[in-house]
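Data block below; observations after.
Note that this is a predicted model, so its numbers are computed, not measured.
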Amino acid sequence: MIYWRFFGYICHDCKYIVIVNAPLNAPHMAVTFTVKDANRERSYVQILVRFRGQFYKKSSGETIPVKYWNPKKHRCNVPKDFPAGQHVNEVLDKWEAATNEAIAAFKVKMGTPSAQEFWDACNRLFYKGSCDVSYVVDYLTEYIERVRGAKSVSTISKYTTTLNKLQEFEGITKRRLKFQDIDINFYIKFRTWLYGQGYSANYFGSHIKNIKHIIHEAAYEGVCTDLHGIQHRDFITINESSDNIYLSLDELRRIYELDITVETVRKHLDVADIRNENLLRKVESLRLVRDRFIIGAFTGLRVSDFGRLSEANIGSETIRIKTAKTGAVVVIPIHPYVRGIIQNGFDASVQVSDQKMNKHLKELAKMAGIDEEVTINKNVGGVNEQRIYKKYELVCTHTARRSFATNAYKSGVPTIAIMKITGHTKESTFLRYIKVSAEENAEMLMEHPFFKH
């Protein structure tokens with residue numbers, strides 16, 4: 001008969017107690033393995049150790065498809081379509097042997113090892129006599145390259161952008177960044193370098209946010225044990241309020257009703273050098289981008305979501321889809337414009353790059369006569385500047401989602417109902433997201449019963 005013993009550890013990252021179980025008569029009960037996140041398609045395999053009342057955890061350096069993990073055996077299943085599982089199991093066996101040997105060594109000592117002392121000993125035993133050091137992580141960029149494969153598509157994109165900038169920074173400074181190098185001195189130098197290239201404060205802040213998240217994750221995995229550098233009071237994520245536009249319902253109607261033909265394209269755009277056959281392709285591309293943008297502007301979905309719509313998502317009255325970024329299921333009433341596009345045979349499977357879509361959206365807005373002058377406060381190289389643009393120059397893919405939120409809010413849709421679709425969890429964040437001018441706010445108030453008496 002097998003009896004089971006349960007033990008747990010406090011996950012400081014998620015504020016929950018994680019329970020791990022192992023059989024009482026298991027040969028190596030102090031060491032076990034588990035996937036970090038069973039809800040993801042891929043996840044790290046984590047090492048969990050209980051010793052002298054302490055719990056030690058770190059990444060094994062292996063990521064696997066979660067469906068192949070066997071929680072009873074604490075190892076991978078090795079079916080025909082995942083032969084790499086055998087290698088993963090061999091690595092876990094090696095970690096188990098190294099960890100048990102470290103435990104045996106520490107048993108002769110009086111004190112209890114710190115996490116760094118414990119894993120330093122395990123690492124020395126694991127890599128002893130081996131020329132393969134592919135699992136040793138000393139550098140921040142090396143760690144990012146390893147972890148991004150187990151993330152969502154949107155997180156992979158963000159991590160990749162930060163990785164590229166860090167590698168470019170390493171090339172300029174001619175020094176690879178170790179975890180202990182990420183401190184306030186790095187912060188100042190990295191900021192100065194980005195500002196010198198004309199990047200905004202928010203762009204710099206987005207990279208700092210990613211870096212802090214990555215280092216906290218590395219600490220959780222046991223790869224990085226010193227968070228002192230990023231805990232400096234000035235090592236902060238910058239997030240300045242920025243000026244962004246939205247399109248009114250009337251402006252969206254003008255784009256929706258655009259008659260996009262070769263003649264109208266010739267009339268409004270500079271296409272004199274484009275041959276007729278290429279111009280026909282441009283007309284089709286403009287129509288496709290127009291339909292995608294209008295769907296986004298009347299559903300509030302992100303580009304990554306409304307580009308995945310299929311017949312399975314579309315009912316008689318609502319659209320139902322699981323969002324790519326958060327995994328939340330949203331249900332959205334179908335606006336007449338969206339219904340008209342769907343009934344005209346819209347094919348969401350045809351993909352358009354963000355770069356091409358942003359270019360076409362500016363052209364569509366120009367064709368629709370959305371050309372009023374707009375003053376924008378813009379942060380360039382860390383300095384706030386005022387610049388004047390034609391409104392069509394500022395239209396991009398995200399304008400659709402912002403227009404949805406702002407127009408719904410101005411139309412009196414309850415804030416909580418809009419947030420259910422946009423995914424905002426705080427009303428204060430949502431209210432910063434929408435764009436309602438002081439004049440528009442006054443117009444809304446004038447229609448309120450409070451101002452009618």
Can you tell me how far [atom2] of [Y] sits from [atom1] of [X], rounded to the nearest 0.5 angstrom?
| X | Y | atom1 | atom2 | answer |
| --- | --- | --- | --- | --- |
| Ile184 | Arg191 | CD1 | CZ | 7.0 Å |
| Ile342 | Asn344 | CD1 | CG | 10.5 Å |
| Ser206 | Ile211 | OG | CD1 | 9.0 Å |
| Gln46 | Thr32 | CD | OG1 | 11.0 Å |
| Thr141 | Ile214 | OG1 | CD1 | 10.5 Å |
| Lys36 | Tyr44 | NZ | OH | 7.5 Å |

Answer yes or no: are there more than 12 heavy-atom neighbours, outside [X] itself, under 6.0 Å from its atom [atom1]?
| X | atom1 | result |
| --- | --- | --- |
| Asp250 | CG | yes |
| Glu284 | CD | yes |
| Arg320 | CZ | no |
| Lys390 | NZ | yes |
| Glu257 | CD | yes |
| Glu385 | CD | yes |
| Lys212 | NZ | yes |

Quick one: does any side-chain atom of [X] pair with a main-chain N or O of [Y] as donor and acceptor, under 3.5 Å?
| X | Y | result |
| --- | --- | --- |
| Trp119 | Lys58 | no |
| Thr237 | Ile208 | no |
| His74 | Phe33 | yes |
| Glu170 | Leu177 | yes |
| Arg401 | Thr422 | yes |
| Asn89 | Cys76 | yes |
| Arg339 | Ser316 | yes |
| Thr399 | Cys396 | yes |
| Ser60 | Val45 | yes |
| Asn77 | Pro79 | no |

Measure the shortest side-chain to side-chain distance between [X] and [Y] over non-hydrogen atoms and say whether it is less than 4.5 angstrom.
| X | Y | value |
| --- | --- | --- |
| Ile370 | Arg254 | yes |
| Ile47 | Cys122 | no |
| Leu140 | Ile215 | yes |
| Lys209 | Lys158 | no |
| Val35 | Ile64 | yes |
| Glu90 | Gln86 | yes |
| Thr299 | His335 | no |
| Leu252 | Asn407 | yes |

Please name the pair of heavy atoms, one in [X] and one in [Y], separated by the smallest distance, quoted to 0.1 Å.
| X | Y | value |
| --- | --- | --- |
| His207 | Lys165 | NE2-CG, 3.7 Å |
| Ile255 | Arg290 | O-NH1, 3.3 Å |
| Met367 | Val265 | CE-CG2, 4.2 Å |
| Pro333 | Thr318 | CA-CG2, 4.2 Å |
| Arg402 | Ile245 | CD-O, 3.4 Å |
| Gly85 | Val78 | C-CG2, 3.8 Å |

Parallel, tilted or perpendicular, judged at 30° and 60°: which one describes the rings of [X] and [Y]?
| X | Y | result |
| --- | --- | --- |
| Tyr68 | Phe82 | parallel |
| Tyr256 | Tyr337 | parallel |
| Tyr199 | Tyr203 | parallel |

Evaluate the criterion side-chain contact (heavy atoms from CB on, under 4.5 Å) for residue pair Asn384 and Asn377; output intermediate values, then yes/no. CA-CA 6 Å; Asn384 288 317; Asn377 292 303; 5.8 Å; no
Is it true that [X] and [Y] have a side-chain N and a carboxylate O under 4.0 angstrom from each other?
| X | Y | result |
| --- | --- | --- |
| Asp181 | Lys178 | no |
| Asp291 | Arg287 | no |
| Glu263 | Arg266 | no |

Would the Phe204 and Tyr187 ring centres measure less than 6.0 Å apart? yes
Evaluate side-chain contact (heavy atoms from CB on, under 4.5 Å) for Leu166 paired with Phe186, printing each intermediate quantity in order. CA-CA 11 Å; Leu166 287 173; Phe186 157 80; 3.8 Å; yes
Going through the distances and angles, do His360 and Glu363 end up as a side-chain hydrogen bond (donor to acceptor under 3.5 Å, both in side chains)? CA-CA 5 Å; His360 281 347; Glu363 292 172 330; 2.9 Å; yes
Does the pair Thr264 and Thr261 meet the rule for a side-chain hydrogen bond (donor to acceptor under 3.5 Å, both in side chains), with working shown? CA-CA 5 Å; Thr264 54; Thr261 64; 3.3 Å; yes
side-chain hydrogen bond (donor to acceptor under 3.5 Å, both in side chains) partner of Tyr246, chosen from His398, Lys410, Glu251: Lys410
Hey, mind stepping through Phe293 and Leu247 against side-chain contact (heavy atoms from CB on, under 4.5 Å) and telling me if it holds? CA-CA 11 Å; Phe293 181 76; Leu247 297 184; 3.8 Å; yes
Please walk me through it: do Val289 and Leu361 pass side-chain contact (heavy atoms from CB on, under 4.5 Å)? CA-CA 7 Å; Val289 168; Leu361 286 173; 3.7 Å; yes
